[in-house]
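The shown structure was predicted, so the numbers you read here are calculated from the model rather than taken from an experiment.
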Amino acid sequence: MPPRLIVRPRKGWQPLDLTELWSYRELFLVLALRDLKVRYKQTLMGIAWAVIQPFFTMIIFTMIARFASIPTDGAPAPIFYYCGMLPWFLFANSLSSAGNSLIGSQHLITKVYFPRLIVPIASVLTALVDFGIAFLLLLGMMAWFRLAPGPQIVFLPLVVVLALLAAVAFGLWLSALNAQFRDVRHVMPFLIQFWLFCTPVLYPSSVVHAPWKRALIGLNPLSGVIDAFRWCVLGAPKPGATLAVSASVIVAVFLGSLFYFRRVERTLIDRL
């Protein structure tokens with residue numbers, strides 16, 4: 001008689017098992033490719049949606065800035081707003097995908113055992129493809145306006161990683177809560193829209209001059225990310241305290257979300 005393996009949920013708060021995650025590393029790629037195919041399956045515009053969203057939002061924000069005389073830190077308004085929209089859409093799309101990932105994969109979760117943490121993280125990685133496509137348009141726009149990034153561009157990958165970490169941090173919270181309370185999926189679109197206007201995308205954070213107020217803006221984790229992205233690409237004012245506070249908030253939320261997700265993970269099958 002072949003040996004049987006019985007998997008039982010653990011009790012209490014559980015630490016992150018990196019060894020177990022590494023053993024399922026191939027599943028990350030499989031789920032990410034699945035989400036990418038589903039996103040653009042039977043769509044008329046295909047991957048063009050990765051550019052359409054930030055591009056037309058940039059046009060609207062540029063028109064608002066001209067009517068309201070909003071400063072853009074000396075950069076052309078289209079470039080300034082497109083640089084703000086790229087990290088924002090990377091975060092927003094990742095957050096939305098992660099928040100609904102467990103519900104969307106319930107048929108898989110209830111049949112096969114694997115670390116559930118893989119599902120929301122893999123869904124975040126798919127937004128990186130959209131970001132890469134939209135970033136190509138940014139390079140073309142900079143060539144049109146005859147702009148070239150400075151040496152600080154080497155820090156851009158770190159800023160992208162920080163944006164993804166923010167999406168994972170809040171996405172883990174929302175995905176676990178969404179599995180418990182289905183109202184969360186109705187709240188997420190409103191939350192993301194409200195978050196956009198609380199983030200210095202339409203306006204530069206440089207309009208706030210007091211250092212303590214700049215640090216206060218950093219409590220919004222996307223403030224430091226967007227300021228850092230614009231600094232890397234356009235040489236805008238250094239984010240300084242804003243980035244430091246935002247990074248601290250992101251790390252704190254990320255650690256908290258890991259422990260909370262592990263806490264809820266053992267009861268997911270009963271809730272899905």
Side-chain angles (χ1 to χ4, degrees), residues 13-14 16 21 28 31-32 35 39 53-54 57 84-105 109 115-131 158-201 205 215-229 239 242-265 268 271-272:
W13 297 91
Q14 299 297 326
L16 180 64
L21 284 177
F28 278 103
L31 293 179
D35 292 340
R39 176 178 296 185
Q53 287 181 308
T57 306
M85 296 313 304
L86 281 188
W88 170 256
F89 272 108
L90 174 62
F91 170 79
N93 292 337
S94 299
L95 183 63
S96 179
S97 299
N100 293 302
S101 59
L102 294 180
I103 302 299
S105 300
I109 293 174
R116 313 308 186 196
L117 192 63
I118 292 178
V119 177
I121 295 179
S123 66
V124 167
L125 296 179
T126 58
L128 196 59
V129 177
D130 292 348
F131 173 82
L158 297 178
V159 178
V160 174
V161 170
L162 189 61
L164 289 175
L165 185 63
V168 171
F170 289 94
L172 290 179
W173 280 103
L174 290 177
S175 62
L177 289 172
N178 197 15
Q180 295 178 284
F181 312 103
R182 300 306 168 89
D183 295 337
V184 174
R185 62 180 176 181
H186 302 293
V187 175
M188 277 193 293
F190 169 75
L191 174 64
I192 293 174
Q193 185 178 21
F194 178 77
W195 202 333
L196 171 62
F197 292 104
C198 294
T199 305
V201 178
S205 61
L216 190 62
I217 292 177
L219 292 176
N220 177 354
L222 265 294
S223 297
V225 171
I226 290 177
D227 283 354
F229 191 92
T242 305
L243 178 60
V245 175
S246 294
S248 300
V249 172
I250 291 172
V251 171
V253 174
F254 176 69
L255 294 177
S257 66
L258 284 177
F259 282 99
Y260 178 72
F261 191 91
R262 292 285 289 171
R263 174 74 174 181
V264 177
E265 183 180 18
L268 280 179
R271 298 178 182 275
L272 292 176

TODO: Carefully, step by step, assess Phe91 and Ile192 under the rule side-chain contact (heavy atoms from CB on, under 4.5 Å).
DONE: CA-CA 10 Å; Phe91 170 79; Ile192 293 174; over 6 Å; no
Write down the atom of [X], the atom of [Y], and the distance for their closest heavy-atom approach.
X: Leu90; Y: Ala127; value: CD1-O, 3.7 Å
X: Leu95; Y: Leu174; value: CD1-CD1, 3.6 Å
X: Leu172; Y: Phe261; value: O-CD1, 3.8 Å
X: Val225; Y: Ala163; value: CG1-CB, 3.8 Å
X: Phe254; Y: Val168; value: CE1-CG1, 3.7 Å
X: Ala169; Y: Val253; value: CB-CG1, 3.8 Å

Tell me whether [X] contacts the main-chain N or O of [Y] through its side chain, where contact means a donor paired with an acceptor under 3.5 Å.
X: Asn178; Y: Ile103; answer: no
X: Thr57; Y: Pro54; answer: no
X: Ser175; Y: Leu102; answer: no
X: Ser246; Y: Gly224; answer: yes
X: Asn100; Y: Ser96; answer: yes

Please round to the nearest 0.5 Å and tell me the distance separating atom [atom1] of [X] and atom [atom2] of [Y].
X: Met85; Y: Ile226; atom1: CE; atom2: CD1; answer: 8.0 Å
X: Ser94; Y: Ile121; atom1: OG; atom2: CD1; answer: 12.0 Å
X: Asp227; Y: Thr242; atom1: CG; atom2: OG1; answer: 5.5 Å
X: Phe28; Y: Leu125; atom1: CZ; atom2: CG; answer: 7.5 Å
X: Leu177; Y: Met188; atom1: CG; atom2: CE; answer: 10.0 Å
X: Leu255; Y: Ser257; atom1: CG; atom2: OG; answer: 7.5 Å

Could you tell me if the side chain of [Y] sits less than 4.5 Å from the side chain of [X], heavy atoms only?
X: Phe89; Y: Asp130; result: no
X: Arg263; Y: Phe259; result: no
X: Val245; Y: Ile217; result: no
X: Leu31; Y: Val119; result: yes

TODO: Assign the ring pair Phe194 / Phe190 to parallel, tilted or perpendicular, where the plane angle (0 to 90°) is split at 30° and 60°.
DONE: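 It falls in the parallel class, under 30°.
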Open item on the list: Which label fits Tyr260 and Trp173: parallel for a plane angle under 30°, tilted from 30 to 60°, or perpendicular past 60°?
Closed with: parallel
- [ ] Verify side-chain contact (heavy atoms from CB on, under 4.5 Å) between Leu222 and Leu196, making sure each step is shown before the conclusion.
- [x] CA-CA 9 Å; Leu222 265 294; Leu196 171 62; over 6 Å; no
- [ ] Determine, stepwise, if the pair Val129 / Thr126 fulfils side-chain contact (heavy atoms from CB on, under 4.5 Å).
- [x] CA-CA 6 Å; Val129 177; Thr126 58; 5.7 Å; no
- [ ] Run the numbers on Leu162 and Ile250 for side-chain contact (heavy atoms from CB on, under 4.5 Å), then give the verdict.
- [x] CA-CA 8 Å; Leu162 189 61; Ile250 291 172; 3.8 Å; yes
Open item on the list: So, applying side chain to side chain contact (heavy atoms under 4.5 Å, CB included) with Ser205, which one of Pro200, Pro239, Ser223 is it?
Closed with: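 Of Pro200, Pro239, Ser223, side chain to side chain contact (heavy atoms under 4.5 Å, CB included) with Ser205 is met by Pro200 alone.
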- [ ] Identify, with sequence neighbours excluded, every residue that meets side chain to side chain donor-acceptor pair (under 3.5 Å) alongside Asn93.
- [x] none
